[in-house]
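As C-alpha coordinates, the structure follows; a few thoughts come after it.
Everything quoted here is computed from the prediction, not taken from an experiment. All ligand and atom numbering here is 1-based and tracks the order in the structure. Only heavy atoms go into these numbers, but all of them, side chains included; no hydrogens, no water, no symmetry mates.
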Amino acid sequence: MNSILILFAHPKFEQSRTNKRLVQQLDQLEGVTFHDLYESYPDFHINISYEKALLARHDIVVWHHPLYWYSCPPLMKQWIDLVLEYNWAYGPEGKALQQKKCLNVITTGGLRELYCSEGSNHYSVNEFLRPFEQTARLCNMEYLPPFTVMGTHQLSDAELANKCKQYVQMLRFLQKDCSPQVIEDCVMLNDIPQIN
Ligand SMILES: Cc1cc2nc3c(=O)[nH]c(=O)nc-3n(C[C@H](O)[C@H](O)[C@H](O)COP(=O)(O)O)c2cc1C
(Lines give C-alpha, C1' and ligand atoms only; values in the text may rest on other atoms or scores of the structure.)
Protein backbone atom coordinates (compact mmCIF):
# COMPACT_ATOMS: atom_id res chain seq x y z
CA MET A 1 0.00 0.00 0.00
CA ASN A 2 1.35 3.44 -0.91
CA SER A 3 1.70 5.77 2.07
CA ILE A 4 0.34 9.29 1.61
CA LEU A 5 1.51 12.53 3.19
CA ILE A 6 -1.02 15.37 3.05
CA LEU A 7 0.61 18.76 3.49
CA PHE A 8 -2.25 21.12 4.26
CA ALA A 9 -2.11 24.91 4.20
CA HIS A 10 -5.06 27.19 4.97
CA PRO A 11 -4.32 30.61 6.52
CA LYS A 12 -7.93 31.16 7.62
CA PHE A 13 -8.92 27.69 8.69
CA GLU A 14 -11.23 28.95 11.44
CA GLN A 15 -13.36 30.59 8.72
CA SER A 16 -13.21 27.63 6.36
CA ARG A 17 -16.28 25.67 5.34
CA THR A 18 -15.03 23.48 2.49
CA ASN A 19 -11.60 22.48 3.73
CA LYS A 20 -12.82 22.01 7.28
CA ARG A 21 -15.15 19.32 5.97
CA LEU A 22 -12.58 17.83 3.60
CA VAL A 23 -9.91 17.36 6.26
CA GLN A 24 -12.18 16.26 9.15
CA GLN A 25 -12.21 12.72 7.84
CA LEU A 26 -8.50 12.31 7.07
CA ASP A 27 -7.19 11.49 10.53
CA GLN A 28 -8.98 8.16 10.57
CA LEU A 29 -7.51 6.92 7.30
CA GLU A 30 -4.92 4.20 7.62
CA GLY A 31 -1.70 4.91 5.75
CA VAL A 32 -2.44 8.64 5.46
CA THR A 33 -0.50 11.26 7.43
CA PHE A 34 -2.24 14.62 7.74
CA HIS A 35 0.13 17.52 8.42
CA ASP A 36 -1.36 20.99 8.98
CA LEU A 37 1.39 23.49 8.16
CA TYR A 38 -0.30 26.58 9.63
CA GLU A 39 -0.95 24.69 12.86
CA SER A 40 2.65 23.44 13.05
CA TYR A 41 4.35 26.65 11.94
CA PRO A 42 2.22 29.71 12.78
CA ASP A 43 5.47 31.73 12.86
CA PHE A 44 6.59 30.34 9.45
CA HIS A 45 9.72 28.77 11.03
CA ILE A 46 9.65 25.46 9.24
CA ASN A 47 11.60 22.57 10.77
CA ILE A 48 13.37 21.49 7.60
CA SER A 49 14.94 18.29 8.91
CA TYR A 50 11.58 17.17 10.35
CA GLU A 51 9.88 17.83 7.01
CA LYS A 52 12.57 15.92 5.11
CA ALA A 53 12.23 12.93 7.44
CA LEU A 54 8.46 13.02 6.98
CA LEU A 55 8.84 13.07 3.19
CA ALA A 56 11.26 10.15 3.31
CA ARG A 57 8.61 7.97 5.02
CA HIS A 58 5.91 8.47 2.36
CA ASP A 59 5.36 7.43 -1.26
CA ILE A 60 2.87 10.12 -2.30
CA VAL A 61 2.97 13.81 -1.42
CA VAL A 62 -0.22 15.90 -1.55
CA TRP A 63 -0.16 19.69 -1.56
CA HIS A 64 -3.67 20.44 -0.25
CA HIS A 65 -4.73 24.09 -0.15
CA PRO A 66 -7.36 26.57 -1.24
CA LEU A 67 -6.44 28.36 -4.46
CA TYR A 68 -5.37 31.87 -3.43
CA TRP A 69 -4.70 34.28 -6.28
CA TYR A 70 -4.26 31.34 -8.64
CA SER A 71 -1.58 29.81 -6.46
CA CYS A 72 -1.02 28.45 -2.96
CA PRO A 73 -1.11 30.29 0.38
CA PRO A 74 2.27 31.72 1.47
CA LEU A 75 3.25 29.04 4.01
CA MET A 76 2.96 26.35 1.34
CA LYS A 77 5.31 28.37 -0.85
CA GLN A 78 7.64 28.82 2.13
CA TRP A 79 7.60 25.04 2.61
CA ILE A 80 8.54 24.51 -1.05
CA ASP A 81 11.25 27.19 -0.89
CA LEU A 82 12.89 25.85 2.27
CA VAL A 83 12.37 22.09 2.26
CA LEU A 84 13.13 21.24 -1.37
CA GLU A 85 16.84 21.90 -1.04
CA TYR A 86 19.47 21.78 -3.73
CA ASN A 87 21.35 18.48 -3.85
CA TRP A 88 18.64 16.92 -1.67
CA ALA A 89 15.45 17.32 -3.69
CA TYR A 90 17.04 18.40 -6.97
CA GLY A 91 20.46 19.02 -8.50
CA PRO A 92 23.16 16.48 -9.38
CA GLU A 93 22.94 14.70 -6.01
CA GLY A 94 19.33 15.52 -5.23
CA LYS A 95 17.63 12.16 -5.41
CA ALA A 96 15.70 12.07 -2.10
CA LEU A 97 12.28 12.33 -3.73
CA GLN A 98 12.97 10.14 -6.73
CA GLN A 99 10.17 7.62 -7.44
CA LYS A 100 7.65 9.50 -5.29
CA LYS A 101 4.39 10.82 -6.67
CA CYS A 102 2.96 14.23 -6.07
CA LEU A 103 -0.29 16.10 -6.68
CA ASN A 104 -2.31 19.15 -5.70
CA VAL A 105 -5.67 18.95 -3.96
CA ILE A 106 -7.26 22.36 -4.31
CA THR A 107 -10.48 24.15 -3.54
CA THR A 108 -11.53 27.14 -5.64
CA GLY A 109 -14.22 29.77 -5.34
CA GLY A 110 -14.49 29.80 -9.15
CA LEU A 111 -16.55 27.16 -10.96
CA ARG A 112 -14.80 24.66 -13.20
CA GLU A 113 -16.44 26.15 -16.31
CA LEU A 114 -14.85 29.55 -15.59
CA TYR A 115 -11.38 27.99 -15.82
CA CYS A 116 -10.99 27.83 -19.61
CA SER A 117 -10.00 30.13 -22.49
CA GLU A 118 -13.59 31.42 -22.85
CA GLY A 119 -14.17 31.73 -19.10
CA SER A 120 -13.35 34.69 -16.85
CA ASN A 121 -10.21 33.00 -15.52
CA HIS A 122 -8.92 32.39 -19.08
CA TYR A 123 -6.80 29.37 -18.18
CA SER A 124 -7.54 25.93 -16.83
CA VAL A 125 -6.70 24.98 -13.27
CA ASN A 126 -4.08 22.58 -14.66
CA GLU A 127 -2.40 25.52 -16.40
CA PHE A 128 -2.35 27.56 -13.18
CA LEU A 129 -0.77 24.55 -11.44
CA ARG A 130 2.14 24.34 -13.89
CA PRO A 131 4.73 25.69 -11.38
CA PHE A 132 3.81 22.82 -9.01
CA GLU A 133 3.99 20.31 -11.84
CA GLN A 134 7.43 21.49 -12.90
CA THR A 135 8.65 21.68 -9.28
CA ALA A 136 7.66 18.04 -8.83
CA ARG A 137 9.39 17.09 -12.08
CA LEU A 138 12.58 18.93 -11.18
CA CYS A 139 12.57 16.97 -7.92
CA ASN A 140 12.32 13.71 -9.89
CA MET A 141 8.76 13.08 -8.74
CA GLU A 142 5.90 12.00 -10.95
CA TYR A 143 3.21 14.70 -10.97
CA LEU A 144 -0.36 13.38 -11.00
CA PRO A 145 -3.48 15.31 -12.10
CA PRO A 146 -5.08 17.40 -9.35
CA PHE A 147 -8.16 16.59 -7.31
CA THR A 148 -10.36 19.67 -7.09
CA VAL A 149 -13.39 21.00 -5.28
CA MET A 150 -14.54 23.96 -7.36
CA GLY A 151 -17.24 26.58 -7.00
CA THR A 152 -17.05 26.24 -3.22
CA HIS A 153 -19.45 29.11 -2.47
CA GLN A 154 -22.21 27.43 -4.44
CA LEU A 155 -21.81 23.90 -3.10
CA SER A 156 -24.77 22.55 -1.15
CA ASP A 157 -24.11 20.51 1.99
CA ALA A 158 -25.03 17.36 0.07
CA GLU A 159 -22.65 18.21 -2.79
CA LEU A 160 -19.87 18.96 -0.33
CA ALA A 161 -20.51 15.66 1.46
CA ASN A 162 -20.16 13.93 -1.91
CA LYS A 163 -16.83 15.70 -2.59
CA CYS A 164 -15.60 14.56 0.84
CA LYS A 165 -16.50 10.99 -0.08
CA GLN A 166 -14.72 11.30 -3.43
CA TYR A 167 -11.61 12.69 -1.74
CA VAL A 168 -11.39 9.61 0.48
CA GLN A 169 -12.07 7.30 -2.48
CA MET A 170 -9.38 9.07 -4.47
CA LEU A 171 -6.85 8.59 -1.63
CA ARG A 172 -7.78 4.90 -1.34
CA PHE A 173 -7.34 4.56 -5.10
CA LEU A 174 -3.89 6.15 -4.94
CA GLN A 175 -2.90 3.91 -2.04
CA LYS A 176 -3.60 0.84 -4.17
CA ASP A 177 -2.70 1.94 -7.66
CA CYS A 178 -1.44 5.09 -9.28
CA SER A 179 -0.06 3.64 -12.45
CA PRO A 180 -0.03 6.16 -15.31
CA GLN A 181 -2.17 3.87 -17.49
CA VAL A 182 -5.16 4.36 -15.21
CA ILE A 183 -4.93 8.11 -14.96
CA GLU A 184 -3.13 9.20 -18.12
CA ASP A 185 -6.34 10.27 -19.88
CA CYS A 186 -7.88 12.24 -17.04
CA VAL A 187 -7.45 15.99 -16.61
CA MET A 188 -8.37 15.77 -12.94
CA LEU A 189 -8.46 12.81 -10.59
CA ASN A 190 -12.12 13.72 -10.02
CA ASP A 191 -12.77 12.24 -13.45
CA ILE A 192 -11.51 8.70 -12.84
CA PRO A 193 -14.34 6.16 -12.83
CA GLN A 194 -12.97 4.48 -9.68
CA ILE A 195 -14.08 7.37 -7.48
CA ASN A 196 -17.46 8.10 -9.08
C1 LIG B 1 -6.97 35.71 -0.53
C2 LIG B 1 -7.89 34.85 -1.35
C3 LIG B 1 -7.58 34.58 -2.66
C4 LIG B 1 -8.42 33.77 -3.44
N5 LIG B 1 -8.07 33.51 -4.73
C6 LIG B 1 -8.86 32.70 -5.50
C7 LIG B 1 -8.50 32.39 -6.82
O8 LIG B 1 -7.46 32.80 -7.35
N9 LIG B 1 -9.34 31.61 -7.55
C10 LIG B 1 -10.50 31.10 -7.02
O11 LIG B 1 -11.22 30.40 -7.75
N12 LIG B 1 -10.84 31.36 -5.74
C13 LIG B 1 -10.06 32.14 -4.97
N14 LIG B 1 -10.39 32.39 -3.66
C15 LIG B 1 -11.55 31.67 -3.07
C16 LIG B 1 -11.05 30.47 -2.26
O17 LIG B 1 -10.30 29.58 -3.05
C18 LIG B 1 -12.22 29.74 -1.63
O19 LIG B 1 -12.88 30.66 -0.80
C20 LIG B 1 -11.78 28.54 -0.82
O21 LIG B 1 -11.22 27.57 -1.66
C22 LIG B 1 -12.96 27.95 -0.07
O23 LIG B 1 -12.48 27.01 0.86
P24 LIG B 1 -12.68 27.22 2.43
O25 LIG B 1 -14.16 27.25 2.71
O26 LIG B 1 -12.01 26.04 3.04
O27 LIG B 1 -11.99 28.51 2.79
C28 LIG B 1 -9.59 33.21 -2.87
C29 LIG B 1 -9.91 33.49 -1.54
C30 LIG B 1 -9.08 34.30 -0.78
C31 LIG B 1 -9.44 34.58 0.67
**OP:** May I ask you to decide whether Asp191 forms a salt bridge with Arg112, counting only side-chain N to carboxylate O separations under 4.0 Å?
**Re:** yes
Subject >> Min N/O separation Lys12 to ligand 1 under 3.5 Å >> reply: no
Original post:
Is the closest N or O pair between Gly109 and ligand 1 shorter than 3.5 Å?
Top reply: yes
Subject >> Residue, atom name and distance, where the atom is the protein heavy atom closest to atom 6 (C) of ligand 1 >> reply: Leu67 O, 3.1 Å
Subject >> For Asn19, atoms of ligand 1 separated by under 4.0 Å from a heavy atom >> reply: 23 (O), 24 (P), 26 (O)
**OP:** Output yes when a side-chain donor or acceptor of Lys100 lies under 3.5 Å from a complementary backbone atom of Leu55, and no otherwise.
**Re:** yes
Original post:
Which of the numbered atoms in ligand 1 are below 4.0 angstrom from a heavy atom of Gly110?
Top reply: 10 (C), 11 (O)
Subject >> ligand 1 to Lys20 polar contact by distance, N or O atoms, under 3.5 Å >> reply: no
Original post:
Is any side-chain heavy atom of Asn19 closer than 4.5 Å to a side-chain heavy atom of Val149?
Top reply: no
**OP:** Just say parallel, tilted or perpendicular for the rings of Phe8 and Phe34, cut-offs at 30° and 60°.
**Re:** tilted
Original post:
Is the closest side-chain heavy-atom distance between Arg172 and Gln169 below 4.5 Å?
Top reply: no
**OP:** Below 4.0 angstrom from a heavy atom of Tyr115, which ligand 1 atoms are there? Numbered from 1 as shown, please.
**Re:** 9 (N), 10 (C), 11 (O)
Original post:
What residue and atom, counting heavy atoms only, is the protein's closest point to atom 8 (O) of ligand 1, and at what distance?
Top reply: Tyr70 N, 2.8 Å
Original post:
Which heavy atom in Asn87 sits nearest to a heavy atom in Glu93, and how many Å separate them?
Top reply: OD1-N, 3.0 Å
Subject >> Nearest-option assignment for atom 29 (C) of ligand 1, heavy atoms, candidates Tyr68, Phe128, Trp69, Phe13 >> reply: Tyr68
**OP:** Look only at interatomic distance and state if Arg17 has a nitrogen or oxygen under 3.5 Å from any nitrogen or oxygen of ligand 1.
**Re:** yes
Original post:
Are the aromatic rings of His65 and Phe132 close, with centres under 6.0 Å apart?
Top reply: yes
Original post:
Should you measure from each heavy atom of Thr152, which atoms of ligand 1 turn up under 4.0 Å away?
Top reply: 18 (C), 22 (C)
Original post:
Does ligand 1 have an atom under 4.0 Å from some heavy atom of His10?
Top reply: yes
Original post:
Can we say Glu133 and Arg137 salt-bridge, meaning some charged N sits less than 4.0 Å from an Asp/Glu carboxylate O?
Top reply: yes
Subject >> Under-4.0 Å salt bridge between Lys52 and Glu85 >> reply: yes
**OP:** Would you mind listing which atoms of ligand 1 come within a distance below 4.0 Å of any non-hydrogen atom of His153?
**Re:** 19 (O)
**OP:** Among all protein heavy atoms, pick out the one at the shortest distance from atom 20 (C) of ligand 1; state its residue, atom name and that distance to 0.1 Å.
**Re:** Thr107 OG1, 3.7 Å
